[in-house]
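Heads up, the thing below is written out as structure tokens.
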Amino acid sequence: MNDALLIPRSEVRALGERLRREGKRIAFANGCFDLVHVGHVRFLEGAREQGDVLVVGVNGDAAVRALKGPGRPLMPAEARAEMVGALEAVDYIVIFDELTAESLLRDLRPHVQCKGTDYSVETVPERAVMESLGGEVRIVGDAKNHSTREVLAEIVRREVASDKAQESDE
């Protein structure tokens with residue numbers, strides 16, 4: 001990991017209070033990050049530009065299963081958090097088990113919540129929470145033309161093609 005710190009969920013409120021006392025603008029981003037790809041990197045870099053500090057919430061394993069379906073996540077939450085934490089843009093990581101980041105946002109109280117371009121400000125599930133906290137929602141990153149689902153589908157497609165080619169050679 002870079003210098004990013006994995007923060008226990010129970011310490012998020014204290015982290016937010018300390019960062020605000022230090023006068024830091026807190027940006028928050030969250031996701032499953034099941035198979036980190038260029039879209040994730042660009043999303044987190046865009047989120048980091050929104051504040052002095054970037055805190056990233058990584059969905060826990062049960063939440064990923066509920067959100068993405070059977071067979072997911074590919075890697076356990078701790079491994080996904082370590083991958084995200086290795087990115088230069090990330091300062092803090094927290095694993096959370098809820099399906100949305102609402103509770104985490106209430107504890108952290110970031111200045112800005114960042115979501116990827118597959119959302120609009122109006123469709124962000126936690127928008128009302130951010131408004132109640134006096135924060136804002138920003139859409140960051142590049143156009144959503146990368147996804148873990150698409151990477152997995154391409155791996156399967158290539159593997160099937162390779163298997164067929166080997167069968168025809170036999």
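Please read all numbers here as calculations on a predicted model, not as lab measurements. Side chains are part of it too, since the values below use all heavy atoms of this structure and drop only hydrogens, waters and symmetry mates.
Side-chain atoms of R48 and D91, non-hydrogen and from C-beta on, do get closer than 4.5 Å to each other. Taking 4.5 Å as the limit, every side-chain heavy atom of R65 sits out of range of all side-chain heavy atoms of P70. Here the side chains of Y119 and V137 are not in contact, with every heavy-atom distance at 4.5 Å or above. Side-chain atoms of E136 and V121, non-hydrogen and from C-beta on, never get closer than 4.5 Å to each other. Residues P76 and D61 have side chains in contact (heavy-atom distance under 4.5 Å, counting atoms from C-beta outward). With contacts defined as side-chain heavy-atom distances shorter than 4.5 Å, the pair F96/V12 does not qualify.
The shortest non-hydrogen separation linking G16 to I26 is O-CD1, 3.8 Å. Taking every heavy atom of both residues into account, A27 and G51 meet most closely at CB-N, 4.0 Å. For G60 against I95, the heavy-atom pair with the smallest separation is CA-CG2, 3.9 Å. Between T100 and P125, the shortest heavy-atom contact is CG2-CB, 4.4 Å. When all heavy atoms of L44 and A29 are compared, the closest pair comes out as CD2-CB, 4.0 Å. The two residues G57 and F28 make their nearest non-hydrogen contact at N-CE1, 3.7 Å.
V58 and L67 end up in different hydrophobic clusters when Ile, Leu, Val, Met, Phe, Trp and Tyr side chains are linked at under 4.5 Å. Linking Ile, Leu, Val, Met, Phe, Trp and Tyr whenever their side-chain heavy atoms come within less than 4.5 Å leaves L35 and V64 in two separate clusters. There is a path of hydrophobic side-chain contacts, each under 4.5 Å, that joins L6 to V84. Residues V112 and L54 are members of separate hydrophobic clusters, defined by side-chain heavy-atom contacts under 4.5 angstrom among Ile, Leu, Val, Met, Phe, Trp and Tyr.
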Starting from the C-alpha separation in whole Å, work towards a yes-or-no answer on side-chain contact (heavy atoms from CB on, under 4.5 Å) for Q113 and N30.
CA-CA 9 Å; Q113 177 194 19; N30 66 285; 3.8 Å; yes
Determine whether V140 and Q50 satisfy the following criterion, side-chain contact (heavy atoms from CB on, under 4.5 Å), listing intermediate values before the conclusion.
CA-CA 9 Å; V140 301; Q50 304 301 311; 4.0 Å; yes
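In this structure, CE on M75 lies 5.5 Å from CE on M83, to the nearest 0.5 angstrom. Rounded to the nearest 0.5 Å, atoms CG (L133) and CG (L108) are 9.5 Å apart. Taking CZ of R42 as the reference point, atom OG1 of T117 lies at 11.0 Å (rounded to 0.5 Å). Residue I93 holds its CD1 atom at 12.5 Å from CZ of R80, rounded to the nearest 0.5 Å. Here the CE atom belonging to M130 is positioned 11.5 Å from the NZ atom belonging to K115, to the nearest 0.5 angstrom. In this structure, H40 NE2 and C32 SG are separated by 8.0 Å, a value rounded to the nearest 0.5 Å.
Legend: residues meeting salt bridge (Lys or Arg N to Asp or Glu O under 4.0 Å) with R20, ordered by chain and number and at least two apart, are absent. Under the rule for a salt bridge (Lys or Arg N to Asp or Glu O under 4.0 Å), the partners of D107 that lie at least two apart in sequence or sit in another chain are R9, R13. Residues that satisfy the salt bridge (Lys or Arg N to Asp or Glu O under 4.0 Å) test with R109, not counting sequence neighbours, are absent from this structure.
A salt bridge links R72 with D34: the distance from a Lys NZ or Arg NE/NH1/NH2 to an Asp or Glu carboxylate oxygen falls below 4.0 Å.
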